[in-house]
Amino acid sequence: IQTLRAEMVTPDGHHYILVTDLPPGQTAFFGPNGLPWLGMLIAITTSGLVCYLLAVYLTSPVVRLRRATQKLAAGDLSARVGEAGRSNDELSQLVRDFDAMAEQVEESTHRLEDKVHERTRELREAQDSLVRREKLAMLGQLASGVGHGLRNPHGLMTNAIYYMEA
């Protein structure tokens, strides 16, 4: 009887051992009665799948960070990467730092916009006050001219006759 044994330790520390007995005459895909290419195909396929999953795991935070950066650059101040995960690796730290920075940019922008609105309101009030003062000044000059003309009718008539003759 031929025995196959495989051991594996998972990232969370669990230890697994797979042991199987092959019936007599079987050589586990290898050897004179086996299929050597099938073992190679399984090994290559498994390696490719592991590499793909590892690449997705490692690049996922970078892709999400890039999308959030593009949104923030386009003016969407609410753009965040989101969940950084519980890990404390460099990418997770970068994601958390980006989200904190985006939060500060959004708060600063809102404070600045509030200040601009406040100053604009104050300037409009000052402009309205100046316009009212100017109107009152013009009304005062008009009233002064009319009052002077009413108090001095002889001079008014003399001036009117002078302009008519000319």
Side-chain angles (χ1 to χ4, degrees), residues 1-140:
I1 293 179
Q2 190 177 20
T3 302
L4 286 178
R5 177 184 168 116
E7 294 185 35
M8 182 175 143
V9 178
T10 62
D12 58 353
H14 289 91
H15 189 77
Y16 294 98
I17 299 174
L18 174 67
V19 178
T20 184
D21 290 333
L22 296 175
Q26 291 291 323
T27 57
F29 305 121
F30 297 105
N33 297 330
L35 304 170
W37 58 270
L38 184 58
M40 292 298 282
L41 180 64
I42 291 172
I44 291 171
T45 303
T46 304
S47 296
L49 182 62
V50 167
C51 288
Y52 173 76
L53 293 175
L54 186 60
V56 168
Y57 174 75
L58 292 175
T59 60
S60 173
V62 175
V63 170
R64 290 182 309 151
L65 181 62
R66 185 167 185 263
R67 283 190 199 130
T69 303
Q70 289 171 339
K71 285 181 182 179
L72 189 66
D76 181 5
L77 298 179
S78 64
R80 302 292 184 277
V81 177
E83 183 63 32
R86 284 185 246 152
S87 64
N88 207 17
D89 62 356
E90 291 84 3
L91 287 176
S92 298
Q93 291 172 353
L94 184 62
V95 165
R96 284 190 287 274
D97 290 346
F98 175 84
D99 285 348
M101 178 202 64
E103 185 69 30
Q104 289 176 351
V105 166
E106 185 176 23
E107 289 174 5
S108 296
T109 302
H110 288 310
R111 279 196 308 268
L112 185 59
E113 286 174 350
D114 291 344
K115 284 182 181 179
V116 166
H117 289 301
E118 177 66 23
R119 296 296 188 263
T120 302
R121 185 187 60 76
E122 290 172 359
L123 286 172
R124 284 192 181 135
E125 288 175 359
Q127 181 183 20
D128 291 344
S129 175
L130 286 173
V131 167
R132 272 193 307 274
R133 287 180 188 169
E134 185 68 26
K135 286 180 181 178
L136 288 174
M138 288 175 22
L139 183 63

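Position 1 is the first residue of the sequence, and the numbers go up from there.
- Taking each heavy atom of V81 and A68 in turn, the nearest pair found is CG2-CB, 3.7 Å.
- A heavy-atom distance below 4.5 Å is not found between the side chains of R132 and K135.
- Atom CZ of R133 sits in a sparse spot, with 12 or fewer heavy atoms from other residues, nucleotides or ligands closer than 6.0 Å.
- Closest approach of T69 and L65 over heavy atoms only: OG1-O, 2.7 Å.
- Rounding to the nearest 0.5 Å places CG of L112 at 9.5 Å from NE2 of H117.
- Atom CD of E106 and atom CG of D76 lie 8.5 Å apart (nearest 0.5 Å).
- Atom OG of residue S108 and atom CD of residue E103 lie 10.0 Å apart, to the nearest 0.5 angstrom.
- The environment of Q127 atom CD is sparse: at most 12 non-hydrogen atoms of other residues, nucleotides or ligands sit within 6.0 angstrom.
- Remark: H14 NE2 is loosely packed, at most 12 non-hydrogen atoms of other residues, nucleotides or ligands lying under 6.0 Å away.
- From L91, atom CG reaches atom CZ of R96 across 10.5 Å, with rounding to the nearest 0.5 Å.
- Residues V63 and R67 have side chains in contact (heavy-atom distance under 4.5 Å, counting atoms from C-beta outward).
- Ion pair K115/E118 not flagged as a salt bridge, since none of the NZ, NE, NH1 or NH2 atoms sits closer than 4.0 Å to an Asp/Glu carboxylate oxygen.
- Among all heavy-atom pairs drawn from T109 and L77, the shortest one is CG2-CD1, 3.5 Å.
- Judged by distance alone, with hydrogens and angles left aside, the side-chain atoms of T120 form a donor-acceptor pair with the main-chain N or O of V116 at under 3.5 Å.
- A distance of 11.0 Å separates CG of L49 from CG of L54, quoted to the nearest 0.5 Å.
- Residues L72 and A79 come closest through the heavy atom pair N-CB, 3.9 Å.
- Crowding of E7 atom CD: a count of heavy atoms from other residues, nucleotides or ligands under 6.0 Å exceeding 12.
- Applying the 6.0 Å contact sphere to CD of E134 captures no more than 12 heavy atoms from other residues, nucleotides or ligands.
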